[in-house]
Amino acid sequence: MYSPEGPQMTYWQLTHHLSCIGENPDFAGIDCKIFHGPPPHDHGFCLVLVTIEMLNAMNSLSENQSLVAMPPWCNLWLVGAMVLSFTLHFVILYVEILSTVFQVCPLTGDEWLTVMKFSLPVVLLDETLKFVARKFTRW
């Protein structure tokens with residue numbers, strides 16, 4: 001929506017994309033094929049399936065201890081699994097034959113920055129919940 005190279009659509013157009021058929025005047029100047037192309041799917045794939053889940057795995061090291069008290073390198077198997085998962089993900093995105101097979105396209109640096117902006121609050125939210133659990137509940 002906000003990328004200078006993007007379609008410059010409104011939030012309403014994005015949330016009502018199923019109405020983008022034929023000559024709908026609400027979507028004047030927007031090619032409806034954009035809602036079916038690979039880039040939106042790639043962002044969701046990167047955001048949900050990889051980044052947030054890896055951060056959730058890190059958060060799951062302890063039910064109530066902060067990542068400061070119990071850092072990820074306390075469990076080297078988890079770190080190894082995360083590195084392997086991210087490596088495979090990058091290979092699928094950036095090796096041309098694999099990106100063709102999986103029908104994904106590589107993300108730019110700005111798009112990865114957006115993925116991280118949406119993903120990192122998961123860590124902050126979980127750390128806040130752990131703090132509340134430590135301070136206001138008895139174990």
Side-chain angles (χ1 to χ4, degrees):
M1 277 177 41
Y2 301 111
S3 172
E5 295 86 30
Q8 302 297 314
M9 67 181 72
T10 65
Y11 180 76
W12 185 92
Q13 290 168 326
L14 182 64
T15 57
H16 292 82
H17 65 88
L18 295 175
S19 302
C20 190
I21 52 174
E23 297 295 324
N24 189 335
D26 293 329
F27 292 90
I30 294 179
D31 184 7
C32 292
K33 291 179 185 175
I34 193 166
F35 297 115
H36 305 292
H41 300 163
D42 298 344
H43 293 93
F45 177 68
C46 292
L47 183 64
V48 176
L49 293 180
V50 179
T51 311
I52 288 178
E53 291 306 320
M54 291 300 113
L55 293 174
N56 273 331
M58 240 178 22
N59 285 333
S60 298
L61 279 170
S62 174
E63 186 175 336
N64 59 359
Q65 290 299 315
S66 170
L67 285 173
V68 175
M70 184 177 262
W73 52 86
C74 287
N75 185 339
L76 293 179
W77 288 104
L78 175 64
V79 172
M82 289 173 65
V83 168
L84 179 63
S85 294
F86 274 116
T87 302
L88 290 174
H89 184 67
F90 289 135
V91 167
I92 288 171
L93 278 177
Y94 295 103
V95 172
E96 189 173 338
I97 187 71
L98 292 175
S99 64
T100 303
V101 169
F102 286 96
Q103 297 180 352
V104 294
C105 62
L107 302 180
T108 65
D110 288 338
E111 291 167 339
W112 273 111
L113 187 62
T114 302
V115 167
M116 295 313 291
K117 284 179 185 177
F118 279 102
S119 300
L120 287 177
V122 168
V123 174
L124 299 174
L125 177 65
D126 202 49
E127 288 295 308
T128 302
L129 292 174
K130 288 178 183 181
F131 175 78
V132 169
R134 283 192 310 271
K135 296 297 179 189
F136 300 110
T137 60
R138 291 184 181 226
W139 296 103

Joint cluster assignment, Leu88 & Met54, ILVMFWY side-chain distance < 4.5 Å: no
Counterpart residues, ring pair (Phe, Tyr, Trp, His ring centres under 6.0 Å), relative to Phe90 (two or more places apart): Trp112
More than 12 heavy atoms of other residues, nucleotides or ligands under 6.0 Å from CZ of Phe131: is that the case? no
Taking all non-hydrogen atoms of both residues, which atom of Leu124 and which atom of Thr128 are closest, and how far apart? O-OG1, 2.8 Å
When every non-hydrogen atom of Asn59 is compared with those of Val122, the smallest separation belongs to ND2-O, 3.6 Å
Atom CZ of Phe118: over 12 foreign heavy atoms under 6.0 Å: no
Decide yes or no on side-chain contact (heavy atoms from CB on, under 4.5 Å) for Leu55 and Thr51, but give the supporting numbers first. CA-CA 6 Å; Leu55 293 174; Thr51 311; 4.3 Å; yes
Could you report the tightest heavy-atom contact between Pro106 and Glu111, atom names first, then the distance? O-OE1, 4.1 Å
Judged by atom type as modelled, is there a donor-acceptor pair below 3.5 Å linking the side chain of Tyr94 to the main-chain atoms of Leu107? yes
Is Val83 reachable from Val115 through a run of hydrophobic residues whose side-chain heavy atoms are each under 4.5 Å from the next? no
Please check if atom CH2 in Trp12 has more than 12 non-hydrogen atoms from other residues, nucleotides or ligands closer than 6.0 Å. yes
What is the distance from atom CD of Glu127 to atom CD of Gln65, rounded to the nearest 0.5 Å? 10.0 Å
Would a 4.5 Å heavy-atom cut-off, applied to side chains only, mark Val104 and Ser99 as touching? yes
Could you grab the distance from atom CE of Met82 to atom OG1 of Thr87, nearest 0.5 Å is fine? 11.0 Å
May I ask whether Ile97 and Ile92 are part of the same hydrophobic cluster, defined by side-chain heavy atoms of I, L, V, M, F, W, Y residues being less than 4.5 angstrom apart, directly or through others? yes
As a quick check of understanding, evaluate side-chain contact (heavy atoms from CB on, under 4.5 Å) for Ser119 and Ile52, giving each step before the final call. CA-CA 5 Å; Ser119 300; Ile52 288 178; 3.6 Å; yes
Going hydrophobic residue to hydrophobic residue with side-chain gaps under 4.5 angstrom, can you get from Val50 over to Val95? yes
Any chance you could measure Ser62, atom OG, to Asn75, atom CG, to the nearest 0.5 Å? 12.0 Å
Is any side-chain heavy atom of Leu61 closer than 4.5 Å to a side-chain heavy atom of Pro72? yes
Nearest non-hydrogen partners of Arg134 and Ser66, listed with the distance: NH1-N, 3.4 Å
Does Phe102 belong to the same Ile/Leu/Val/Met/Phe/Trp/Tyr cluster as Val91, with side-chain heavy atoms less than 4.5 Å apart forming each link? yes
Spell out, as yes or no, whether a donor-acceptor pair under 3.5 Å connects the side chain of Lys130 to the backbone of Leu67. no
Working to the nearest 0.5 Å, report the span between CE of Met9 and OG1 of Thr15. 10.5 Å
